[in-house]
Amino acid sequence: MSDFLGELLSGILGEAVMSRLGDSRRVKTLVRMFFGLLGAGLGIAGAIHFGLRSPGANLPMHLSMIALFLALASLCLFNVSLLRSWRWPGRLFVASFVALFATRILFGAP
């Protein structure tokens, strides 16, 4: 039974990939919007998750983790979903990623 379903799904996906469906501008827009909103939603969920947890001993590392998730959400929302070529979300993501390691080195393990 699973071989039949696997063959069926591979046939459908193969047809979708090989046909004009992949060249459609509407499909590309929908896929880009889906993954952009998915990344933004996961980034916001991560920021809320770490925001609700107690920071413990290392508050700067906790704040840089929240900033990392918010930067990821803005990068996915603006650059991926809206197809903007803004540089500030990427720079914010890199800065918060570097801050994550810097706070770990400067303030130690939590």
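Any value given below was found using the heavy atoms of this structure, including those in side chains, with hydrogens, waters and symmetry copies removed.
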* Please list, chain by chain and in numerical order, all residues satisfying side chain to side chain contact (heavy atoms under 4.5 Å, CB included) with I48, sequence neighbours excluded. => I44, L52

When the side chains of residues 65-85 are checked against the rest of the protein, which donor-acceptor pairs come out under 3.5 Å, sequence neighbours left out?
unit_1	atom_1	unit_2	atom_2	d
S74	OG	L70	O	3.4
S74	OG	A71	O	2.9
N79	ND2	W86	O	2.9

Show me the side-chain donor-acceptor pairs of residues 88-99 shorter than 3.5 Å, one per line, residues at least two apart or across chains.
unit_1	atom_1	unit_2	atom_2	d
S96	OG	L92	O	3.0
S96	OG	F93	O	3.0

* Asked: For I105, what are the other residues in its hydrophobic cluster, where any two members join if their side-chain heavy atoms are less than 4.5 angstrom apart?
  -> none

* What residues, two or more places apart in sequence or in another chain, satisfy side chain to side chain contact (heavy atoms under 4.5 Å, CB included) together with F34? -> L38

* Asked: Which atoms form the tightest heavy-atom contact between R53 and H62, and what is the distance?
  -> O-NE2, 3.5 Å

* Linked hydrophobic residues, L59 as query - side chain contacts closer than 4.5 Å -> L63

